[in-house]
Amino acid sequence: MAGTISAIVNIAYCISFSALFQGSIAAGFPLGLAALIMGTMVTGVVVSLTTTLVPADAGPDTPAVAVMSVLATTVAAGLAAKGADTETMIINVMVAITVSTFLTGASCSDLAGSSSVNGCASYRSP
């Protein structure tokens, strides 16, 4: 039951986060939604298989939307100013989001040795 509720909440987050694709990159909404859902599934499986905190859940987080929105808008606006087509803007926004997500995850993984560093919390069983 808890897993079903968690999945529904994470899917709702993914749908709302896909709103990053607006304006000149609105055509990227389906691709963004698919990427978010796939990323949430992979993250959920990895966390569920590796965590020592049994009720742990993983998925997109709301504070990231503000940062990702600025990132998406900046990348799209920069490319639009250079005359890039919509498909190129969407692909570059997806790459920028992927790279920033990977770097955030890598830095949190490296810093998780302490109990909490830069908002990246780590749980150690007693």
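These numbers were taken from a predicted model, which means no experiment stands behind them.
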Specify the closest pair of heavy atoms between [X] and [Y], including all atoms of both residues, with the distance to one decimal.
X   : Y    : result
M89 : A76  : SD-O, 3.3 Å
L71 : A96  : CD2-O, 3.7 Å
I25 : V93  : CD1-CG2, 4.0 Å
I97 : S100 : O-OG, 3.0 Å

Quiz item: Distance from N10 atom CG to T40 atom OG1, nearest 0.5 Å?
Solution: 5.5 Å
Please set out all donor-acceptor pairs under 3.5 angstrom arising from side-chain atoms of residues 28-37, sequence neighbours excluded.
none

In residues 1-9, what donor-acceptor pairs under 3.5 Å come from side-chain atoms, sequence neighbours left out?
| unit_1 | atom_1 | unit_2 | atom_2 | d |
| --- | --- | --- | --- | --- |
| S6 | OG | D57 | OD1 | 3.0 |
| S6 | OG | D57 | OD2 | 2.7 |

Quiz prompt | Other ILVMFWY residues reachable from V70 by side-chain steps of under 4.5 Å | solution = none
Quiz item: Is the count of non-hydrogen atoms from other residues, nucleotides or ligands lying under 6.0 Å from F17 atom CZ greater than 12?
Solution: yes
Quiz item: Quick one: side chain to side chain contact (heavy atoms under 4.5 Å, CB included) partners of V46, sequence neighbours excluded?
Solution: V42, T50
Self-check item: Partner set under side chain to side chain contact (heavy atoms under 4.5 Å, CB included) for E87, not counting sequence neighbours
Solution: D85, I91
Exercise. Apply ring-ring contact (aromatic ring centres under 6.0 Å, His included) to F21 and list each qualifying residue two or more places apart in sequence or on a separate chain.
Key: none
